[in-house]
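Note on naming: letters A, B, ... go to the chains in the order of the sequence lines (proteins, then strands), and numbering restarts at 1 for each one. The analysis underlying the following values was restricted to heavy atoms, covering all of them including side chains, and did not include hydrogens, waters or symmetry mates.
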Protein chains: 4
Amino acid sequence: MNRRSSKDSRQNIIDAAQRVFLLHGYEGSTMRMIAEQAGISVGGIYLYFKNKEELCLLLIDERLKEFSEKIDAALKKIEDPIDALREYILLSIEYAKKHNEFIITQSREKGFTFGIDIKREFFKRQKEVIKGIIFKGINKGIFVNCNIEEATRVIMGVIRGFVLSLVVDPDNLFDARQCSELILSGLLSRSN
Amino acid sequence: MNRRSSKDSRQNIIDAAQRVFLLHGYEGSTMRMIAEQAGISVGGIYLYFKNKEELCLLLIDERLKEFSEKIDAALKKIEDPIDALREYILLSIEYAKKHNEFIITQSREKGFTFGIDIKREFFKRQKEVIKGIIFKGINKGIFVNCNIEEATRVIMGVIRGFVLSLVVDPDNLFDARQCSELILSGLLSRSN
Amino acid sequence: MNRRSSKDSRQNIIDAAQRVFLLHGYEGSTMRMIAEQAGISVGGIYLYFKNKEELCLLLIDERLKEFSEKIDAALKKIEDPIDALREYILLSIEYAKKHNEFIITQSREKGFTFGIDIKREFFKRQKEVIKGIIFKGINKGIFVNCNIEEATRVIMGVIRGFVLSLVVDPDNLFDARQCSELILSGLLSRSN
Amino acid sequence: MNRRSSKDSRQNIIDAAQRVFLLHGYEGSTMRMIAEQAGISVGGIYLYFKNKEELCLLLIDERLKEFSEKIDAALKKIEDPIDALREYILLSIEYAKKHNEFIITQSREKGFTFGIDIKREFFKRQKEVIKGIIFKGINKGIFVNCNIEEATRVIMGVIRGFVLSLVVDPDNLFDARQCSELILSGLLSRSN
DNA sequence: AATGAATGAGATTTCATTCAT
DNA sequence: GATGAATGAAATCTCATTCAT
């Protein structure tokens, strides 16, 4: 048996939980499945997490934070709004592909209210990021002078659609890069 | 005892099940919830449906068929591809709003395989419908000469994104009509 | 629909019940099965029988009485104890083959007590019949002067074993006639 | 909470299940009865057995194997076919008395097919054992030169009848030893 | 007399959580 | 820290019985 540090054990469980939740959803996953996936005992999970709900919430929280940080780090280096928006979209999709579709699609578990605050906060934050990019683009005369609020909603909607397609209809995906170019083409001022 | 005809009871249960599944997902919904929602006893459900899985599958089947028929009926009367595509998008969203979001979002139930055939068939059918519209539009010179397959995927993706937003982030929806105009604007040939 | 007289309906249900009980046992049979087998509605059964238990009890009673009468009628015409015993054994097996294995084998249902009085009465009665035959045979010097009580038990045991084999291991039955000759050979006095 | 080793618990449940099945049959026994008899919670049973059916099947399997081994061990030490056959019959009845009647009598459960393979295999094996004894007895000139197949069927039938009587009509049993002597007397060559 | 929709009690089964070891 | 046997509550499902029609 591999002895692990407390921190390693915790992370190990979170990672295992994610793999299981992704595959079976919250209600469809059992603590036993997670324990098996993590290679520990059922009781062991409860040494690190109060219960199943908390485990899931912490997992969601961790992923959303990780994603936010990744986005922030990437955008810090980019000046051009076009590049920034493209990067945002590509990163979103890439991250979703890697491990996060489940966060978006599981929102129905526990009657919509499950993790609702965390998610609301996250969406609000992302909205601000996108709005910032568009605002800058319009100011610079690169993007058409559109309704920023509305454009942001469209962009988040398209990304969501792409991510959902990953789950629901993976045989009919359009390319992530095309997805970003499509959105950009709608925003670019005619003079570009 | 509230006596109903067999057919009424059946439909009553399906409708109740839909409301419940929509709210809690498949695993998160219980037969007791459905029974309460339908105003009958739990055992009563089993007079009409073999088990929970069959109930859900029949429900999905019914909705998808109903939607397909609605789409077919609406498009039969429309000649102009622009109008047809707009109608398709608006109907999709309207129908989803009314009762169908859950179908799209529940795909993780039972390890992704739940109702997979029914859904695949449905998506295939809808893809053909959209492709038909675009093909006609291009032939008539109304739409730009784009990659039909790819354009179809984008359209389905955007609709999906809109529908998912209904569930996940209903405070930040963009307007259904705007959604359709956005898509159309991308397809219209510059000469329009 | 075939209208039936009340008496026909009753008998029709009993016969259906027997076929179903025989196949699935008491607990394994449902009123719905019986109704289907009888070609009537579930509720219809309750017009003729108070409940499942009474139906089964009446059925057992009817069969055991029918069998007793058949035996009595057959034996009345027979003078020779050898013939009588042979006939008794052959009739028992024939009757069991036709429809009655279930009566013997279902005694474990409802914790042994199910129909216990009826059966006890029946066994007592049959024991008397067999004892009568043997007594007569001994008196006439045809049978060896054995312990009548004991011989009767053996005979009933062998018949039971044969009947049980019908159910449990039908590929390895010995012939009914051989069964009777076996028993007789044990009883016949050496001088025969 | 009564803590036991995993192995103890398993055996404890099997033993409890046997007592309950014997009394009420398969369909008539409930998991709650078994749990109560075993002194654990209902859910606890499912830690060791997938479901009721598997529990029953494993139980049958265990008993039949145990019996087979007991027979094999006993017969290994016995040279004389008379002693061997007597021992076989006495052991069969003794074992049945102790805990096994239910195996023979429950064959109607689940429409006759329940555990059919296990039982068929068992009967086949026992048939071979008996045939072996008789063959040896005939070869040695101790038994009459009878039809071995047929004699075996008779023997198995008589044992079955005795066992069934244990269940159905325990007030009218003939003695186990008498049962074996009866069978032997039929087989012994007149010169003995 | 007859139906079959509906019920309610109880069966089997699952699983998050606890706790003796 | 770690285990995994055990529990108890709740889920799915079954079915004898009732009762409006």
Side-chain angles (χ1 to χ4, degrees), chain A residues 1 3-6 9 27-35 39-55, chain B residues 1-10 12 27-35 38-55, chain C residues 1 3-6 9 27-35 39-55, chain D residues 1-10 12 27-35 38-55:
Chain A
M1 213 187 310
R3 284 276 143 181
R4 262 187 281 254
S5 78
S6 173
S9 272
E27 309 274 9
S29 302
T30 72
M31 295 305 263
R32 197 195 279 255
M33 284 179 193
I34 296 170
I40 60 161
S41 67
V42 182
I45 298 178
Y46 288 86
L47 296 175
Y48 298 96
F49 303 92
K50 193 158 66 83
N51 53 32
K52 189 184 176 186
E53 183 161 333
E54 191 194 84
L55 168 57
Chain B
M1 221 181 303
N2 229 356
R3 219 135 264 263
R4 260 185 282 249
S5 81
S6 176
K7 206 168 176 186
D8 285 353
S9 272
R10 219 192 99 98
N12 175 43
E27 309 273 11
S29 301
T30 72
M31 296 306 260
R32 181 207 283 260
M33 286 177 191
I34 296 170
I40 58 163
S41 65
V42 177
I45 298 178
Y46 289 87
L47 293 176
Y48 301 94
F49 303 92
K50 200 158 59 79
N51 52 34
K52 188 181 172 187
E53 181 161 337
E54 191 193 87
L55 169 56
Chain C
M1 215 182 311
R3 284 279 141 181
R4 264 186 280 252
S5 78
S6 174
S9 272
E27 309 274 8
S29 301
T30 72
M31 295 304 262
R32 197 195 280 256
M33 284 178 192
I34 295 170
I40 59 160
S41 66
V42 181
I45 298 177
Y46 288 85
L47 295 175
Y48 297 95
F49 303 91
K50 195 157 66 81
N51 53 33
K52 189 183 175 186
E53 183 161 333
E54 191 194 85
L55 168 56
Chain D
M1 220 180 308
N2 229 357
R3 218 134 265 262
R4 261 185 281 249
S5 80
S6 177
K7 205 168 176 184
D8 284 353
S9 273
R10 219 192 98 97
N12 176 42
E27 310 272 11
S29 301
T30 72
M31 295 306 260
R32 181 206 284 262
M33 286 175 188
I34 296 170
I40 58 162
S41 66
V42 179
I45 299 176
Y46 289 87
L47 294 176
Y48 300 94
F49 303 92
K50 200 156 61 77
N51 51 36
K52 189 181 172 186
E53 180 161 338
E54 192 195 87
L55 168 57

Practice problem: Treat a base pair as Watson-Crick or G-U wobble with both distances under 3.5 Å, then lay out DNA chain E in dot-bracket form, 5' to 3', with | for cross-strand pairs. | Solution: .||||||||||||||||||||
Quiz item: Tell me: CD1 of C/I34 to P of F/dT17, nearest whole Å?
Solution: 10 Å
Self-check item: Whole angstrom value for the distance that separates P of F/dC15 from CG of C/L55
Solution: 16 Å
Quiz item: What is the minimum heavy-atom distance between B/E27 and B/K52, and which atoms define it?
Solution: O-NZ, 3.9 Å
Exercise. Look at C/S9 and E/dA1 and indicate whether a side-chain polar atom (N or O) is within less than 4.0 Å of OP1 or OP2.
Key: no
Exercise. Find the distance C/I40:CD1 to E/dG4:P and express it as a whole number of Å.
Key: 11 Å
Quiz item: Between atom CZ in B/R10 and atom P in E/dA6, what is the gap in whole Å?
Solution: 13 Å
Quiz item: Of B/L47, B/I34, B/I45, which is the lone residue that meets side-chain contact (heavy atoms from CB on, under 4.5 Å) with B/I40?
Solution: B/I45
Quiz prompt | D/K50 side chain to D/L55 backbone, donor-acceptor under 3.5 Å | solution = no
Self-check item: Reading 5' to 3' through nucleotides 8-15 of chain E, protein heavy-atom contacts under 4.0 Å coded B for base, S for sugar-phosphate only, - for none
Solution: B--SSBBS
Practice problem: Locate the shortest heavy-atom distance separating C/Y48 from C/E54; write the atom from each residue and the value. | Solution: O-OE1, 4.4 Å
Practice problem: Identify whether any heavy atom of B/Y48 sits under 4.0 Å from a base atom; if not, whether one sits that close to sugar-phosphate; answer base, sugar-phosphate or nothing. | Solution: sugar-phosphate
